[in-house]
Protein chains: 2
Amino acid sequence: MKKAPADTREKILATADQLIYQNGIYATSMDLLVKTSGVSRKSIYRYFITKDDMAEAVLKVRDIRWMYWFRTECDKGGTPQDRILNMFTVLKGWFESEGFRGCAFINTAGEVGDPDDPVRQIAKLHKKKLLDYIFELTEQLSTEQPFLLAKQLLVLVEGAITMARVMGDYSAAGSAREVAQLLLKQASR
Amino acid sequence: MKKAPADTREKILATADQLIYQNGIYATSMDLLVKTSGVSRKSIYRYFITKDDMAEAVLKVRDIRWMYWFRTECDKGGTPQDRILNMFTVLKGWFESEGFRGCAFINTAGEVGDPDDPVRQIAKLHKKKLLDYIFELTEQLSTEQPFLLAKQLLVLVEGAITMARVMGDYSAAGSAREVAQLLLKQASR
DNA sequence: TCCATGGTAGAACGATCGTTCTCCTCGATC
DNA sequence: GATCGAGGAGAACGATCGTTCTACCATGGA
């Protein structure tokens, strides 16, 4: 059975995603990617023009996959309030999962200095999507300024992720959750 | 007048600090450092065993300098409450300052995958110092659990910095400040 | 049967990396 | 005045980077 053309591309993306998430873009050499994925150099360059092009594709896929996963997990909560608080429980589970290395997009922003770099745009867009999702939730609350609340909640989410990554303090998810609880109480008055 | 031996070392550190902060450790080549600083390769390697060794020194100096600056700026507030809220005003000023590129230590955590790497330890310690400072402030409040409050405030600080860096949203400092205000109101009851 | 296609293996290119080296200059100290 | 150490300019080393190339293999449709 001949492999479908898309299979090779996906194997490249899946392997590169793991390598980039674990070690970063710079530390992921094409040589390492070839050896780890079992895909030849020629095939890699058939599907991607350059390494940067491939890194972009990897991050775009991760953006979609992560957002879908996060949304699905959080939406298991019943009320909008539950879903909002659920975000921080989901984060805690993520922190404690094997191979957790923080947010790939925050890491990318740390790696790539130029704010106009394509991968930085992807990172920016990713956080924008996250803000949009939180805004969807706060809109369902009977609060006066749901967008301001969404931004405040995003600060909590980003803070927890950053503390987990830099300090290794996974309890930051709990701290953020406590604050979120207070915010919700305040918003419902 | 012959230059004091320490002058060359400090020139290396000052130049490397700027380059690393702007572009990251990987993107800062020794070649670029030589050209930018005007210090010869030989002199650099006289004061630092390796590039990694130099990067460590750079981050250690920045840790001390940033903490001193942040502390001094925040302490201009009068009451402990003022100082705590002042943190976010100071952050906003930092975000809007020329050449702002986020927190060098969060960036380092994004660049260096290995959590046991020496530079990652420096980053971790830096955030620990920041937590200690915030704890000093919350201890002066008549609240029951000053350490928990300090951790919550640190989540807000890290969240604001991360949003400023990744999204370019400097208003995150204001969002974090609003939440901090609510936390203080809650703590003083 | 032939041939286009997608794949692997691996050599090879030029560029750049961190690091070391040689050769030269200058200024302070004995 | 001789000596020594700090520093500068730049060549050079081996390693590794991203990228391209050649050679060969396997498959499926005309």
*Asks:* Can you find a side chain N or O atom of B/T8 that sits less than 4.0 Å from OP1 or OP2 on D/dG7?
*Replies:* yes
*Asks:* Using atom NZ of A/K35 as one end and atom P of C/dT8 as the other, report the distance to the nearest whole Å.
*Replies:* 16 Å
*Asks:* Flag yes if more than 12 heavy atoms outside B/K129 fall under 6.0 Å of its NZ atom; otherwise flag no.
*Replies:* yes
*Asks:* Using every non-hydrogen atom in the two residues, find where A/A172 and A/M163 come nearest and quote the distance to one decimal.
*Replies:* CB-CB, 3.7 Å
*Asks:* Could you give the CG-to-P distance, from B/D7 to C/dC26, as a whole number of Å?
*Replies:* 20 Å
*Asks:* Are side-chain N/O atoms of B/T162 and A/T162 paired as donor and acceptor at under 3.5 Å?
*Replies:* yes
*Asks:* OP1 or OP2 of D/dG8 versus the side-chain N and O atoms of B/S43: is any pair under 4.0 Å?
*Replies:* yes
*Asks:* Are A/D169 and B/L154 side-chain neighbours, meaning at least one heavy-atom pair lies under 4.5 Å?
*Replies:* no
*Asks:* Phosphate oxygens OP1/OP2 of C/dG7: is one of them under 4.0 Å from a side-chain N or O of A/R46?
*Replies:* yes
*Asks:* So what does A/T28 touch, heavy atoms closer than 4.0 Å: a base, only the sugar-phosphate, or nothing?
*Replies:* sugar-phosphate
*Asks:* Calculate the interatomic distance between B/D31 atom CG and D/dG10 atom P; express it in whole Å.
*Replies:* 12 Å
*Asks:* Side chain of A/K42: nearest nucleotide among C/dT8, C/dT19, C/dG18?
*Replies:* C/dT8
*Asks:* Between B/I44 (CD1) and C/dT19 (P), how many Å, whole number?
*Replies:* 11 Å
*Asks:* Whole angstroms only, please: what is the CZ-P distance between A/R41 and C/dC13?
*Replies:* 15 Å
*Asks:* B/L32 has an atom CG; how far is it from atom P of D/dG10, in whole Å?
*Replies:* 17 Å
*Asks:* Distance check: side-chain N/O of A/K51 vs OP1/OP2 of D/dG18, anything under 4.0 Å?
*Replies:* yes
*Asks:* Enter the distance from B/I161:CD1 to B/F95:CZ here, rounded to the nearest 0.5 Å.
*Replies:* 5.5 Å
*Asks:* Looking at A/Y45, I'd like to know whether one of its side-chain N or O atoms comes within less than 4.0 Å of OP1 or OP2 on C/dG7.
*Replies:* no
*Asks:* Write down the distance between CG (A/L33) and P (D/dT19), rounded to a whole number of angstrom.
*Replies:* 12 Å
*Asks:* I want to verify a distance call: between D/dG8, D/dT19, C/dG18, whose nearest atom is closest to the A/M30 side chain?
*Replies:* D/dT19
*Asks:* B/R9 has an atom CZ; how far is it from atom P of D/dG7, in whole Å?
*Replies:* 12 Å
*Asks:* Counting only side-chain nitrogens and oxygens, does B/Y26 get under 4.0 Å of the OP1 or OP2 atom of C/dC17?
*Replies:* no
